[in-house]
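I have a structure I would like to understand better, so I am pasting it below and will then ask my questions one at a time.
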Amino acid sequence: MGHGGDVVAELTTDHDEVKEYFQKLGRTTGAEERRSLADLLTIELVRHSVAEEQYLYPAVREHLEEGDLIADKEIADHGRAERLMKQLQEEDAAGTRFTSVLRELEADVLAHIHDEEQNLFPALRHACSQEVLDELGDKTRRAKKTAPTRPHPGAPSTPPANKLLAPGMGLVDRARDLLSGRGKDDRAA
């Protein structure tokens, strides 16, 4: 969940973990393991998205030319991904619809990752001091610790509302996960 380094290093490591989950899902055929891996993927994506919406995108708005347009596009990408994750949760992991939704989610998320890593992150590195990037990395790690673990497509995605509501939703999500056993790494090899 928290890797260390500045915001770009932190989020890039998250991206690598997400890509790994997609690869594992592509190699897995058992319904129970697919469900478990999809849950782990969803947890990672939701935490990552919440942290970006709380800290990265406000920094993009502040430090980059056309930052509002860029941040709005990134938040729209997150909204599409959240709707797909919600759909994925509702599908039978053994069904063809699960695979179809998963492929659509993978295509959207990988395109989003590519855009951030090739365009957004280099622009942010150019526009911000290392001190600002380090501080954003710390804030991002803290946000992921209290972030929700389930998609909430209707939840606010911009400050201040998202910063106020996300920890409470995260607490409820983590309690539900604990009670249900959802998100345990030992079930998804």
Side-chain angles (χ1 to χ4, degrees), residues 1-3 10-54 56-57 73-118 120 140-141 143-157 162 165-189:
M1 180 181 356
H3 312 291
E10 179 73 23
L11 296 175
T12 300
T13 302
D14 287 354
H15 290 170
D16 292 342
E17 289 177 359
V18 165
K19 290 184 230 177
E20 188 176 318
Y21 282 127
F22 280 123
Q23 289 171 355
K24 286 180 180 179
L25 274 158
R27 295 189 305 262
T28 303
T29 56
E32 188 175 323
E33 189 176 2
R34 284 169 58 90
R35 171 57 57 205
S36 181
L37 284 167
D39 287 346
L40 291 168
L41 171 69
T42 298
I43 289 166
E44 182 60 33
L45 282 171
V46 170
R47 286 177 176 162
H48 177 88
S49 295
V50 167
E52 283 187 336
E53 290 168 4
Q54 287 182 356
L56 178 67
Y57 300 145
K73 181 229 176 263
E74 300 295 324
I75 290 169
D77 288 352
H78 285 189
R80 279 191 305 280
E82 282 216 45
R83 287 187 295 278
L84 288 168
M85 284 184 279
K86 185 77 172 160
Q87 233 180 309
L88 194 63
Q89 280 187 326
E90 297 166 0
E91 297 296 335
D92 175 6
T96 57
R97 184 75 185 126
F98 180 92
T99 301
S100 174
V101 173
L102 179 64
R103 285 185 183 140
E104 187 177 351
L105 176 64
E106 181 177 16
D108 282 3
V109 168
L110 293 181
H112 178 81
I113 286 172
H114 182 267
D115 182 50
E116 281 189 342
E117 290 183 358
Q118 298 303 309
L120 180 61
T140 297
R141 279 184 288 285
K144 287 193 294 183
K145 288 179 183 176
T146 61
T149 60
R150 297 168 184 259
H152 297 278
S157 57
N162 65 349
L165 296 177
M169 288 188 300
L171 183 64
V172 170
D173 285 354
R174 285 188 302 284
R176 287 176 63 199
D177 292 345
L178 183 65
L179 291 172
S180 69
R182 178 181 177 266
K184 293 213 181 268
D185 278 323
D186 57 9
R187 291 185 298 170

To the nearest 0.5 Å, atom CZ of Arg35 lies from atom CG of Leu25 at 10.0 Å
Heavy-atom nearest pair, Ala81 first then Leu105, reads O-CD1, 3.8 Å
Worksheet item: Any sub-3.5 Å donor-acceptor pair from Thr42's side-chain atoms to Ala38's backbone N or O?
Response: yes
Closest non-hydrogen contact found for Leu88 with Leu102 is CD1-N, 3.9 Å
Rounding to 0.5 Å, atoms CD (Glu10) and NE2 (His15) come to a distance of 10.5 Å
Distance col, row Glu52:CD vs Thr140:OG1, nearest 0.5 angstrom, shows 8.0 Å
Exercise. Checking side chain to side chain donor-acceptor pair (under 3.5 Å) for the pair His112/Glu116: CA distance, chi angles, key distance, verdict?
Worked result: CA-CA 6 Å; His112 178 81; Glu116 281 189 342; 3.1 Å; yes
For Asp92 and Phe98 the tightest heavy-atom approach is O-CB, 3.1 Å
Paired with Asp14, the side chain to side chain donor-acceptor pair (under 3.5 Å) test is passed by just one of Arg47, Lys19, Lys144, namely Lys144
Flag, side chain of Ser49 to backbone of Leu45, donor-acceptor distance under 3.5 Å | yes
For Ala31 and Ala94, the nearest pair of non-hydrogen atoms, with its separation, is CB-CB, 3.7 Å
**Message:** With side chain to side chain contact (heavy atoms under 4.5 Å, CB included) as the criterion, how do Lys24 and Leu40 come out once you've worked through the C-alpha distance, each side chain's angles and the decisive distance to 0.1 Å?
**Reply:** CA-CA 11 Å; Lys24 286 180 180 179; Leu40 291 168; over 6 Å; no
**Request:** Show the numbers, then the answer: is there a side chain to side chain contact (heavy atoms under 4.5 Å, CB included) between Val18 and His48?
**Result:** CA-CA 10 Å; Val18 165; His48 177 88; 5.8 Å; no
dist Arg83:CZ -> Asp108:CG (nearest 0.5 Å) comes out at 10.0 Å
When Arg34, Glu91, Glu104 are each screened for side-chain contact (heavy atoms from CB on, under 4.5 Å) with Thr99, the one that passes is Arg34
CG (Leu110) and CD (Glu117) are apart, to the nearest 0.5 Å, by 10.0 Å
Original post:
Leu120 and Leu56: side chain to side chain contact (heavy atoms under 4.5 Å, CB included), yes or no, with the steps?
Top reply: CA-CA 10 Å; Leu120 180 61; Leu56 178 67; 4.1 Å; yes
Taking 4.0 angstrom as the limit, do Glu82 and Lys86 come out as a salt bridge?
no
Between the OH atom in Tyr21 and the CD atom in Glu106, the distance rounded to the nearest 0.5 Å is 15.0 Å
